[in-house]
Amino acid sequence: MGGNQSIPKVTPQDRAVLDLKLQRDKLKQYQKKLQVILDREHEIAKANLAANRKDRAVIALRRRKYQQGLLSKTDGQLEKLEQLVSTIEFSLIEVSVLHGLKQGNDVLKEIHKEMNIESVEKLLDESHEAQAYQREIDEMLSSHLTLDDEDAVQAELRELQAESLQKAETRQPSNLPSVPKAEPTDTVADAETGESEREHERVPVPA
């Protein structure tokens, strides 16, 4: 299973960047060693002065000064390495971007080939031919139909329109309440009228 996995390809640019970073790391390690030497020479000079050995203290300080010069040189080399690594990495990014732009331009060129002027003109010509053919069919039909035929066509068209309108009205739900067919009767008024008539009949007439 592990043998089927693809191994990323290491380009010469990648190897160059890696070598520069290794040199940078070695310089940093060397600087640490120089700093240790500087600190030790400083302590030696102090110890010799304390022991009243001025000549040995001067020698220690001279050695320390020499090591400081080396440290300054390594600082300059380290700065150059850092700049070089950053420049190469940025250049690789630029190359990748340019490669992507080139691929995009190639795709656009292929699209433009498919949409060239000849293809557009051919499509327009085909559209014009189709419109001309349709006009020819319309003229032929109108020239072969009589007035009666044309009237029949218009009548059939009106029937289809009415049928379509009727179907549309049928599909629409009607939420309006139904209108009563019989006229409303005032049952309360009728009842009061009948009671009044019955009371009038029961009142005795004076002799």
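Fair warning: this is a prediction, and the values are worked out from it, not measured in the lab.
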Colleague: For residues 25-32, tabulate all N or O donor-acceptor pairs below 3.5 Å that involve a side-chain atom, not counting sequence neighbours.
Modeller:
residue: Q31; atom: NE2; partner: T74; partner atom: OG1; Å: 3.2
residue: Q31; atom: NE2; partner: D75; partner atom: OD1; Å: 2.4

Colleague: Tell me whether the count of non-hydrogen atoms from other residues, nucleotides or ligands lying under 6.0 Å of CD in Q154 goes above 12.
Modeller: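 It does: Q154 CD has more than 12 such atoms within range.
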Colleague: To the nearest 0.5 Å, what is the distance between CG on D19 and CG on L81?
Modeller: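 Answer for the CG-CG pair, D19 versus L81, is 11.0 Å.
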Colleague: Around atom CG of D106, are there more than 12 heavy atoms from other residues, nucleotides or ligands closer than 6.0 Å?
Modeller: yes
Colleague: Check residues 91-98 and write down every donor-acceptor pair under 3.5 Å in which the side-chain atom is one partner and the other belongs to a residue at least two apart or another chain.
Modeller:
residue: S91; atom: OG; partner: T87; partner atom: O; Å: 2.8

Colleague: To check you understand the geometry: which heavy-atom pair defines the closest contact between A57 and A45, and what is its length?
Modeller: CB-O, 3.5 Å
Colleague: Check the side chains of Q35 and D39 for a donor-acceptor pair under 3.5 angstrom, ignoring hydrogens and angles.
Modeller: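 The criterion, which ignores hydrogens and geometry beyond distance, is satisfied for Q35 and D39.
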Colleague: For a salt bridge (Lys or Arg N to Asp or Glu O under 4.0 Å) check, start with the C-alpha distance between R158 and E163, then their side-chain angles and the critical distance, and finish with the verdict.
Modeller: CA-CA 9 Å; R158 288 192 294 271; E163 182 179 352; over 6 Å; no
Colleague: Among the clusters formed by ILVMFWY side chains lying less than 4.5 Å apart, do L49 and I44 turn up in the same one?
Modeller: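 Each belongs to a different hydrophobic cluster.
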Colleague: Which atom pairs, one a donor and one an acceptor, fall under 3.5 Å between side chains of residues 61-70 and the rest of the protein, sequence neighbours left out?
Modeller:
residue: R63; atom: NE; partner: E41; partner atom: OE1; Å: 3.1
residue: R63; atom: NE; partner: E41; partner atom: OE2; Å: 3.0
residue: R63; atom: NH2; partner: E41; partner atom: OE1; Å: 3.0
residue: R64; atom: NE; partner: L38; partner atom: O; Å: 3.0

Colleague: What distance separates L20 CG from Q83 CD, expressed to the nearest 0.5 Å?
Modeller: 12.5 Å
Colleague: Is I37 reachable from L71 through a run of hydrophobic residues whose side-chain heavy atoms are each under 4.5 Å from the next?
Modeller: no
Colleague: Can you tell me how far apart CG (L84) and CD (Q23) are? Round to the nearest 0.5 Å.
Modeller: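 Taking CG in L84 and CD in Q23, the distance rounds to 9.0 Å.
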Colleague: Can you find a heavy atom in the side chain of K54 that is under 4.5 Å from one in the side chain of N48?
Modeller: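 When only atoms from C-beta onward are counted, N48 and K54 do not touch, as no gap falls below 4.5 Å.
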Colleague: How long is the gap from CD on E110 to CG on N105, to the nearest 0.5 Å?
Modeller: 12.0 Å
